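Heads up, the thing below is written out as structure tokens.
When a ligand or atom number is given, it counts from 1 through the structure's own listing order. Every value quoted in this text rests on a predicted model; they were computed, and no experiment measured them.
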Amino acid sequence: MRILLTGSAGFVGSHLTERFLQGGHEVIGVDNYISGQRDNTALFLGQPGFSFVEADVSQGIPDPGGRLDWVLHFASPASPPHYQQFPIETLMVGAQGTQNALELARAHGAKFFLASTSEVYGDPHVHPQPESYWGHVNPNGLRSCYDEAKRYAEAITMAYHRHHGVDTRIIRIFNTYGPRMRPDDGRVITNFMHQALRGDALTVYGDGSQTRSFQYVTDLVEGIVRLMDVEDHEPVNLGNPVEFTMLELVGVLQDVLGRPLTTLREPIPHDDPRQRKPDITRARTLLGWEPVVPLSDGLRRTIAAATAHDGTVAATPARA
Ligand code: NAD
Ligand code: UDP
């Protein structure tokens with residue numbers, strides 16, 4: 001397959017690129033590095049089948065010419081500190097960026113794949129969250145630049161499917177982690193891991209009773225690859241259904257590192273969802289998929305990669 005992937009220099013984009021190149025496919029990566037890493041492009045430059053274009057996909061996606069089988073739209077800041085630092089750019093990449101990617105797919109008769117998010121459920125009143133739940137989202141709060149952009153992205157994807165017949169897929173990704181996350185991305189696994197490795201206290205926001213469900217990146221990639229093979233246009237949750245409070249996450253990290261960790265309480269951010277856990281019945285049925293990497297194993301692998309990289313541990317970014 002010949003695949004154009006927006007957001008190729010990001011965390012998830014780099015793992016997708018790796019998987020597709022290993023499968024003998026061609027990947028044209030597009031990224032403007034607003035939240036990505038040049039190192040993630042450097043990993044693949046020179047490998048057969050990989051090429052890269054530096055561009056802001058909200059402004060337009062350079063047409064690579066030739067045949068395109070897939071356009072995968074993964075470009076968007078994803079961590080709360082990143083998207084709150086770049087709220088307009090985040091809205092634009094979810095809106096104009098998605099339309100540009102859809103137009104490119106349409107022009108080439110290519111299939112289109114959208115990376116949406118569990119944030120479309122907002123601070124959910126239904127738990128766990130099935131795809132049929134419409135969500136509970138603050139339309140103008142601090143997270144709205146991301147949540148509403150993704151909700152619009154889903155809407156325009158379905159409009160291109162229904163109105164123009166584009167063959168589309170939509171996934172809703174739940175908190176995913178693994179090697180090659182930006183050390184300063186501010187997400188909880190990155191913060192806790194680097195704080196622990198530095199010997200600093202772990203910054204627990206609020207009382208630490210809020211929950212998340214953490215998916216290791218290879219499980220996500222497997223779900224994506226399987227959905228590419230199935231013609232189904234409705235959204236599919238991809239996430240690990242095992243739920244942890246943030247204090248339980250501290251406990252798991254403590255066990256993995258084999259030493260006690262200290263914590264520091266910080267205020268809970270605005271509109272921080274109280275709970276989040278995917279209902280993955282649809283992915284199980286449709287794709288025969290479920291996550292196989294438990295949190296402790298995934299943390300071990302992520303820590304090994306972070307410390308193998310250069311031995312140094314990044315500072316935790318200041319909060320917005
Ligand atoms: P990331 O920030 O590491 O990667 C996103 C990439 O998109 C970055 O390389 C960034 O530079 C690029 N990008 C952003 N705006 C762009 C633009 N206008 N033009 C070109 N490139 C642009 O984030 P990630 O965790 O790899 O997330 C990838 C996708 O998956 C995002 O769409 C995100 O919303 C979605 N997602 C991720 C998670 C997660 O837990 N990692 C959860 C839900 C959804
Ligand atoms: N969180 C925390 N300490 C941190 C970073 C995040 O306690 O240093 C909490 C945050 O309040 C949220 C959860 O961890 O409840 C997940 O946050 P993250 O930014 O990783 O993702 P999201 O909120 O988008 O799910």
Indicate, as side chain, backbone, both or neither, the part of Tyr146 found under 4.0 angstrom from ligand 1 when only non-hydrogen atoms are considered.
side chain
Can you tell me which portion of Arg187 lies within the under-4.0 Å heavy-atom range of ligand 1? Options are side chain, backbone, both, or neither.
side chain
Using heavy-atom distances, let me know which of Thr203, Thr190, Val188 sits nearest atom 3 (N) of ligand 2.
Thr203
Is there a polar contact between ligand 2 and Tyr83, counting only N or O atoms under 3.5 Å apart?
no
Examine the proximity of ligand 2 to Arg143 and report which part, side chain or backbone, both or neither, has a heavy atom under 4.0 Å away.
side chain
Between Ile189 and ligand 2, does any nitrogen or oxygen pair lie at a separation below 3.5 Å?
no
Where does Met246 meet ligand 2, judged by heavy-atom distances below 4.0 Å: at the side chain, the backbone, both, or neither?
side chain
Worked check of side chain to side chain contact (heavy atoms under 4.5 Å, CB included) between Leu299 and Leu257:
CA-CA 9 Å; Leu299 285 176; Leu257 291 170; over 6 Å; no
Mark the output for Ala9 as yes if a heavy-atom distance to ligand 1 is under 4.0 Å, and as no if none is.
yes
Using heavy-atom distances only, which candidate in Thr117, Asn191, Asn175, Leu264 approaches atom 21 (O) of ligand 2 most closely?
Asn175
Ligand 2 versus Pro269: contacting region, heavy-atom distance under 4.0 Å:
side chain
For atom 2 (O) of ligand 1, which protein heavy atom lies nearest, and how many Å away is it?
Ser35 OG, 2.6 Å
Specify the protein heavy atom at minimum distance from atom 32 (O) of ligand 1: its residue, its atom name, and the distance to 0.1 Å.
Lys150 NZ, 2.8 Å
Any salt bridge linking Lys150 with Glu119? Criterion: basic side-chain nitrogen under 4.0 Å from a carboxylate oxygen.
no
Please confirm whether Arg187 comes within less than 3.5 Å of ligand 2 when only nitrogen or oxygen atoms on both sides are compared.
no
Is the contact between Glu266 and ligand 2 made by the side chain, the backbone, both, or neither, using heavy atoms and a 4.0 Å cut-off?
neither
